[in-house]
Amino acid sequence: MYTSFMSIKLLDLFKRGLVQIVPENVLHSLLNSNEPLLIKFGADPSAPDLHFGHCVVLKKLRMLQDMGHRVQFVIGDFTARIGDPTGKSETRKALTEEDVRANAASYQEQVFKILDPGKTDLVYNSSWLGVLTASEMIGLSARYTVARMLERDDFSKRFKSNQSISVHEFLYPLLQGYDSVVLKSDIEMGGTDQTFNLLMGRHLQREYGCDKEQAIITVPILEGLDGVQKMSKSLNNHIGIMDSPKEMFGKTMSLPDDKIIRYFSLLTDMSDFELEDMRTKMSSTGVNPRDFKIELAKCLICMFYETSDAEEAEEEFKRVFAKGLVPEDIPEVVVTEESVFLLGLLIEQKLVVSKKEGQRLMQAGAVSVDGEKQLNFRYMLAVEGEQVVKVGKRKFLKVVKAI
RNA sequence: GGAGGGAUGGCGGAGUGGUCAAUCGCAACAGACUGUAACUCUGUCCGGGUUUCCCGUACGUAGGUUCGAAUCCUACUCCCUCCA
């Protein structure tokens, strides 16, 4: 493989933000390997919606592909039956084969928005783990000790705090590591929460006498929109990659200011120089961080949509929130009656969950018709022409009188 | 195998016979402010209703005692600790 100026630049970008590289010199071989390296990346098909938190590592993988390497994308359909105990104390519910297949299909669709399909080998770990015999499994478990297993951060925490750890949970890292033995991976990438599992792959490759041990590269875990906890769907602080441009824009705008640079740094190709410039401007001069956030929002949208979509989202955002106008396309309901019980309509149209909730919102002044707050929850709406009902900050409904 | 402790609303965690739809903190939602930010302040945070009040359901599950149970009893399920 030849080394060009471009690929050196790419390598610089790739290195940005990486947390740990074992061994250090693997970066050198990325540019100087004679044949493509095999980069393993595993995904648990239990949560089929990818978000920008996943993009951090996916972007890095894409860069490696652009340098000429291959990605082994492992769908952990077998290991999903155990559920990675990482950071969790509850057992996950078992997935049916059907779930796994459906999730995996949707995974592929999403993942290939970033990865190059031509340089990706998609594999299912059930194809080799599913046929392991009991004695092979015992052989595998004999390669590691309980004491060392308990070194794993979350195991040790749970152990110390008297939370239960099932024996089968020990199998998760072992099996994930065994994947690397089967796949003969050169490098495995993952978030920092995967460090233990990644090192396990390295350890097992040595144990099984492979002629090489995989390098491991970890990327940071991206904080979610609250700016503190990791981005995750269950914490509802995520921006999904399947979200519409408008949603992406709005969600990005709610990001705390001090995470702007971090997002740029981990999710975009903006140069270090530009990042530094931005940092300076935000801290010293009177540049409003909001403007950088707008730019960030557009960058993120452009990863998955056209520039024009990003611009539209910006327009819409300014329209609705900066100027307090009504969004362009909002749900519409046609009413034939002269007057209608507003709260009932809101429930029917699913803008509120229950009457109680609706009452509370109305009493709190969160519901307005054509800009006029309606505090009485028994309010009967006199239907005429087109009226816009607003619930909270972002729920709208257009009520249209049938002619 | 033996002994003991525990299970409460999205989470943490009070409450140990009536005044408990259940203190408080976090999260969430709404209002004011604003840059849909942060901070701050205020309010809300099971459902239904004839809505300053009434009703239903809810404190692991199923029964029981009682005028009355989250609180007492029995069985069951799950979790934890100690001993072996």
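Every chain is numbered from 1 and lettered A, B, ... according to where its sequence line falls, protein lines coming before strand lines. These values consider heavy atoms only, across backbone and side chains, with no hydrogens, waters or symmetry-generated copies.
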Would one find a side-chain N or O of [X] under 4.0 angstrom from OP1 or OP2 of [N]?
X	N	result
A:Arg360	B:C45	yes
A:Ser354	B:G47	yes
A:Arg378	B:U51	yes
A:Lys356	B:G48	no
A:Lys373	B:A32	yes

Side-chain atoms of A:Ala366 come closest, of B:G35, B:A30, B:G48, to B:A30
Check whether NZ of the Lys or CZ of the Arg A:Arg143 lies under 6.0 Å from the centre of the six-membered ring of A:Tyr208 and within 45 degrees of that ring's axis.
yes
Using the P atom on both, measure B:G12 against B:G60 and round to a whole Å.
14 Å
Heavy atoms under 4.0 Å, any strand shown: does A:Gln359 hit a base, just sugar-phosphate, or nothing?
base
Taking A:Leu351's backbone N and O only, do any of them form a donor-acceptor pair with A:Lys395's side chain (distance below 3.5 Å, no angle check)?
yes
Base partner of B:A28, which must satisfy Watson-Crick or wobble distances under 3.5 Å:
B:U44
Using the side chain to side chain donor-acceptor pair (under 3.5 Å) definition, which of the options A:Arg70, A:His69, A:Gln72, A:Lys212 pairs with A:Asp186?
A:Lys212
